[in-house]
2 protein chains.
Amino acid sequence: MLRQRIFSQALRPGQRLDEAALAADLGISRTPLREALKILSAEGLVHIKPRRGCFVAELTLDDLEEIFPIMAMLEGRVAFEAALKAGPDELKRLDALHEKLEKHAAARDVDRYYEVNYVFHNALQELAGNRWLQHMIGDLRKLLRLSRHRSLKLEGRQQESLAEHRALMAALHGRDAAAAEDVMKRHLLAQLVALRRMTARQEAA
Amino acid sequence: MLRQRIFSQALRPGQRLDEAALAADLGISRTPLREALKILSAEGLVHIKPRRGCFVAELTLDDLEEIFPIMAMLEGRVAFEAALKAGPDELKRLDALHEKLEKHAAARDVDRYYEVNYVFHNALQELAGNRWLQHMIGDLRKLLRLSRHRSLKLEGRQQESLAEHRALMAALHGRDAAAAEDVMKRHLLAQLVALRRMTARQEAA
DNA sequence: ATGCGATATTTTGTATACAATTTATTGGCT
DNA sequence: AGCCAATAAATTGTATACAAAATATCGCAT
């Protein structure tokens, strides 16, 4: 419940969390709430300052600059492993998801595109079959949800993203693991570049 | 305190943790103990099975096979960044640490070697200056401490490790980031190979 | 003797109560 | 009026108490 509220921005980055009030709001007592907060703290979604309170974490552009290259490595590795392990059935499943991406992009449906994109990356991770890699990526992805920047809304970014996905599919079909890794890395780093453009624009306004 | 007890094997992998008994033993009540267990759970050091209890996590060789390649990537990246950012002063500090490694290796002092090795890798991480990268590596390193395998005790492994460190220092001095990354990756993967040899030997016995 | 079922005990999960510390408020002083 | 100190309120951290569920024990029948 807490994670949901943080992701939905009902609890805003930087905001202080009053335990009594939050517990009452969630309809539970402080004991389980505090246990939940400790977990979120370990995940990096909140920061606990002893004796001072609990605050929703904030991601600066600097954090994104550090996190995206790591994501690029990890997801790149996923693409590499997936390319090695993808059988015909799995490729078909990925193709089907990619088709959906193409459709939602054509319809300019950003929300659905994000949704399917998420499913696609997840499918790839399962294919790669490295549970710890999945775990690490999952942790970082949760963190990234703190920054509500949706780079796809940028002019032309959705088309770029789609092109990167096409290149990835080509590499997977060609069983070219190195190419898949490379494409995926670029895909993630391109997102970072887009985010930079967005924040630059926001600061200008 | 809990982490210490897990690392020192006072609490063994797979062992069930009785909350009341542990709390009494630590001289605290169940409330803060449970909060601590939730944190350890998020870190992967324990597994909480709802309504059934808390168990110290176990790392199989399969887990190590998955984790080490990730560590290789992350630490490789650290080496890359560190090579770019290392100034003369920082290089001197690393040299001093490396000297200690040489000394402890010559004295066959495995424990001190591990200790200094830890400090060395930490110094490199600070140099690289990516907090999130440091965070991720730290998380994985904590996990690895669950497996009490100390590959340096293997015949010749310490000399190999030392040689890898020498190659790393050379790359750092030469400001060759790509070489540093490559050496570091190999260093981590060589550890995995050593661990494989160890477990194979253990299973034979 | 062994397996099953009902009861008793233990153990986890949650709520409440209290202690310790921090933050807010009030009154007095310059 | 503004600032500081002392006190009051609120908030975090911990302990205890209770509810719900799982595990263990005991008795009974086969």
Side-chain angles (χ1 to χ4, degrees), chain A residues 1-60 63 131-132 135 138-139 142-143 145-146, chain B residues 1-60 63 131-132 135 138-139 142-143 145-146:
Chain A
M1 290 162 80
L2 278 175
R3 260 197 291 264
Q4 233 80 60
R5 294 203 181 196
I6 289 175
F7 292 153
S8 73
Q9 304 271 317
L11 303 173
R12 295 269 177 69
Q15 182 180 339
R16 188 173 179 288
L17 301 177
D18 184 288
E19 293 183 0
L22 235 186
D25 196 32
L26 294 171
I28 59 177
S29 79
R30 280 179 56 219
T31 309
L33 171 64
R34 280 175 60 88
E35 293 183 357
L37 288 176
K38 298 286 181 191
I39 294 172
L40 296 188
S41 170
E43 290 175 355
L45 292 180
V46 304
H47 292 302
I48 295 176
K49 304 190 180 179
R51 287 274 174 210
R52 319 213 86 183
C54 188
F55 301 81
V56 179
E58 293 180 278
L59 282 189
T60 66
D63 288 313
R131 288 162 303 166
W132 287 105
H135 197 242
D139 283 355
K142 268 185 247 165
L143 269 175
R145 290 183 68 178
L146 281 172
Chain B
M1 290 163 82
L2 278 176
R3 259 197 293 263
Q4 232 81 60
R5 293 201 180 198
I6 290 175
F7 292 153
S8 73
Q9 304 271 318
L11 303 173
R12 297 267 177 69
Q15 183 181 339
R16 188 173 178 288
L17 301 177
D18 184 288
E19 292 183 1
L22 235 186
D25 196 31
L26 294 171
I28 59 176
S29 79
R30 280 179 55 222
T31 308
L33 171 63
R34 280 175 59 88
E35 292 182 357
L37 288 175
K38 298 286 181 187
I39 294 173
L40 295 187
S41 170
E43 290 176 355
L45 292 179
V46 303
H47 292 302
I48 295 176
K49 303 189 180 179
R51 286 277 174 206
R52 319 213 83 181
C54 188
F55 301 81
V56 179
E58 294 180 276
L59 282 189
T60 66
D63 288 312
R131 287 162 302 167
W132 288 105
H135 197 242
D139 283 356
K142 270 185 246 165
L143 270 175
R145 291 183 68 177
L146 282 172

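Chain naming here is simple, since letters A, B, ... match the order of the sequence lines and numbering starts at 1 in each.
- Taking atom NZ of residue B/Lys38 and atom P of nucleotide C/dT12, one finds them 11 Å apart after rounding to whole Å.
- Rounded to an integer number of Å, the gap from CG of A/Leu22 to P of C/dA15 is 14 Å.
- What separates CD1 of B/Ile28 from C1' of D/dG13 is a distance of 12 Å, to the nearest Å.
- Side-chain proximity of B/Arg30 to D/dT11, D/dA17, D/dT14: nearest is D/dA17.
- Of the candidate nucleotides D/dA15, D/dG13, C/dT12, C/dT12 has the atom nearest to the side chain of B/Arg16.
- Between B/Gly53 and B/Thr31, the residue whose closest nucleotide on DNA chain C is further toward the 5' end is B/Gly53.
- In the set D/dA15, D/dT12, C/dG13, C/dG13 carries the atom at the smallest distance from any side-chain atom of B/Arg34.
- Considering only side-chain N and O atoms, B/Ser29 lies under 4.0 angstrom from the phosphate OP1 or OP2 of D/dA15.
- Side-chain contact between A/Gln9 and A/Arg12 is present, with heavy atoms from C-beta onward closer than 4.5 Å.
- Straight-line distance from the CD atom of A/Glu19 to the P atom of C/dT21: 17 Å, rounded to whole Å.
- Minimum interatomic distance between A/Leu22 and A/Leu33 (heavy atoms only, all atoms of both residues): CB-CD2, 3.9 Å.
- In terms of position along DNA chain C, the nucleotide closest to B/Ala20 lies nearer the 5' end than the nucleotide closest to the other residue of the pair A/Pro50 and B/Ala20.
- Protein atom CG of B/Leu37 is 15 Å distant from nucleotide atom P of C/dT11, rounded to whole Å.
- Remark: the A/Arg51 side chain and the D/dT12 base include a donor-acceptor N/O pair separated by less than 3.5 Å.
- Counting to the nearest Å, the P atom of D/dA15 and the CG atom of B/Leu26 are 11 Å from each other.
- Remark: B/Ala10 engages B/Arg5, B/Ser8 in a side chain to side chain contact (heavy atoms under 4.5 Å, CB included) (not counting sequence neighbours).
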Counting only pairs under 3.5 Å, give me each side-chain donor-acceptor contact of residues 40-56 of chain A, with atom names and distances, residues two or more places apart or in other chains.
unit_1, atom_1, unit_2, atom_2, d
A/Glu43, OE1, A/Arg3, NH1, 2.8
A/Glu43, OE2, A/Arg3, NH1, 2.7
A/Glu43, OE2, A/Lys142, NZ, 3.3

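- In this structure, CG of A/Leu33 is placed 15 Å from C1' of C/dG13, rounded to the nearest angstrom.
- Applying the 3.5 Å distance criterion, the base of C/dT22 shares no donor-acceptor pair with the side chain of A/Arg52.
- Between B/His135 and B/Arg131 there is no side-chain heavy-atom pair separated by less than 4.5 Å.
- Atom CD1 in B/Ile48 sits roughly 17 Å away from atom P in C/dT11 (whole-Å rounding).
- If you check every strand for non-hydrogen atoms under 4.0 Å, B/Leu17 touches sugar and phosphate atoms only.
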